[in-house]
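Positions are given from 1, in the same order as the sequence printed here. Note: hydrogens, waters and symmetry copies are ignored here, and every other heavy atom, side chains too, is used.
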Amino acid sequence: MSRREGSLEDPQTDSSVSLLPHLEAKIRQTHSLAHLLTKYAEQLLQEYVQLQGDPFGLPSFSPPRLPVAGLSAPAPSHAGLPVHERLRLDAAALAALPPLLDAVCRRQAELNPRAPRLLRRLEDAARQARALGAAVEALLAALGAANRGPRAEPPAATASAASATGVFPAKVLGFRVCGLYREWLSRTEGDLGQLLPGGSA
């Protein structure tokens with residue numbers, strides 16, 4: 001009987017002991033993914049600029065900041081929010097990015113059909129944004145901070161907007177989306193870093 005009681009108590013004890021190390025490992029894994037994808041996003045933006053021709057890539061070129069349907073850059077007030085709220089905003093942005101990246105990829109397939117590496121990077125970026133967004137949401141759930149409100153639908157309007165504009169505005173829109181992808185990945189990486197030992201969360 002004592003052996004049976006021990007077998008019931010041990011798993012509970014082991015679970016309570018291993019919970020924090022398991023959670024820390026999950027945070028480190030998600031942070032490492034965000035760090036890696038931030039580097040990929042830098043490469044994507046660089047390659048995108050190189051393939052658009054002049055005036056893209058010129059030091060004097062300052063593209064207009066076209067609005068992107070359903071997504072904006074991280075607000076200046078983002079850094080002042082609690083880390084769990086920041087991560088919820090990160091997850092929402094990561095959920096909005098894949099259809100935007102898919103739209104840019106389709107437009108680039110028309111404008112740069114002989115740039116298979118760029119198209120592949122855009123396709124990969126959409127998948128990677130989904131994967132990181134899911135990882136952040138899973139981490140929030142493990143922390144007991146999951147968003148219980150209704151989740152906004154990813155924007156679909158940008159796909160038609162990208163195909164309806166002229167060539168130059170479409171290139172600028174793609175540049176803007178790739179830039180937002182890099183900004184939100186970098187922001188997510190920084191926010192996850194706040195949860196690591198030594199962070200200020």
Side-chain angles (χ1 to χ4, degrees), residues 33-79 86-137 151-191:
L33 176 61
H35 177 70
L36 180 64
L37 297 187
T38 300
K39 290 185 175 181
Y40 288 166
E42 291 281 359
Q43 296 170 2
L44 168 62
L45 185 60
Q46 291 174 7
E47 185 160 2
Y48 182 90
V49 168
Q50 290 171 0
L51 290 171
Q52 303 314 305
D54 291 340
F56 290 85
L58 296 177
S60 59
F61 179 57
S62 179
R65 293 179 69 85
L66 294 179
V68 176
L71 186 63
S72 60
S77 59
H78 184 97
R86 279 182 270 154
L87 287 171
R88 279 193 285 267
L89 291 172
D90 295 336
L94 291 168
L97 276 160
L100 299 172
L101 290 162
D102 287 340
V104 174
C105 185
R106 288 193 294 271
R107 196 67 169 109
Q108 284 297 305
E110 300 171 1
L111 299 174
N112 286 302
R114 296 183 180 180
R117 190 171 65 177
L118 173 62
L119 301 180
R120 187 167 58 250
R121 283 188 190 275
L122 287 165
E123 291 172 353
D124 290 345
R127 287 194 294 268
Q128 291 160 354
R130 289 187 185 96
L132 181 58
V136 171
E137 289 184 349
R151 182 174 173 177
E153 289 296 321
T158 305
S160 59
S163 61
T165 58
V167 171
F168 182 73
K171 289 182 176 182
V172 172
L173 181 62
F175 176 82
R176 179 82 171 122
V177 170
C178 291
L180 286 171
Y181 177 59
R182 180 189 62 178
E183 286 184 59
W184 277 107
L185 283 177
S186 178
R187 180 67 67 173
T188 302
E189 179 189 355
D191 292 339

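- To the nearest 0.5 Å, the span separating CZ on Arg182 from OG1 on Thr38 amounts to 10.0 Å.
- Heavy-atom minimum distance, Leu66 versus Arg176: O-NE, 3.2 Å.
- A 4.5 Å side-chain heavy-atom check between Val167 and Lys171 finds at least one atom pair inside the cut-off.
- Heavy-atom minimum distance, Leu173 versus Pro67: CD1-O, 4.2 Å.
- Distance check: Gln128 CD to Leu36 CG gives 7.5 Å after rounding to the nearest 0.5 Å.
- Salt-bridge annotation for Asp124 and Arg121: absent, with no side-chain N of the basic residue lying under 4.0 Å from a carboxylate O of the acidic one.
- Judged by distance alone, the side chain of Trp184 and the main-chain N or O of Ala91 form no donor-acceptor pair under 3.5 Å.
- Across all their heavy atoms, Val49 and Phe56 have their closest contact at O-CB, 3.8 Å.
- The distance from the CG atom of Asp102 to the CG atom of Leu122 is 9.0 Å, given to the nearest 0.5 Å.
- Heavy atoms only, all atoms of each residue included: Cys178 and Leu45 are closest at CB-CD1, 3.7 Å.
- A distance of 5.5 Å separates CG of Leu51 from CG of Leu118, quoted to the nearest 0.5 Å.
- Atom CD in Glu47 sits 10.0 Å away from atom CD in Gln52 (nearest 0.5 Å).
- Under the 30°/60° scheme for interplanar angles, the aromatic rings of Phe175 and Tyr48 are found to be tilted.
- No more than 12 heavy atoms of other residues, nucleotides or ligands lie within 6.0 Å of OH in Tyr40, so this atom counts as exposed by the packing criterion.
- Of all heavy-atom pairs between Val172 and Pro63, the closest is CG1-CB, 4.3 Å.
- The line from CD of Glu42 to CG of Leu37 is 12.5 Å long, rounded to the nearest 0.5 Å.
- Side-chain atoms of Arg86 do not come within 3.5 Å of backbone N or O of Asp191 as any donor-acceptor pair.
- Under the 30°/60° scheme for interplanar angles, the aromatic rings of Phe168 and Phe61 are found to stand perpendicular.
- Of all heavy-atom pairs spanning Leu119 and Asn112, the tightest one is CD1-O, 4.3 Å.
- Ion pairing between a basic and an acidic side chain is recognised when a charged N comes within 4.0 Å of a carboxylate O; Arg120 and Glu123 show no such pairing.
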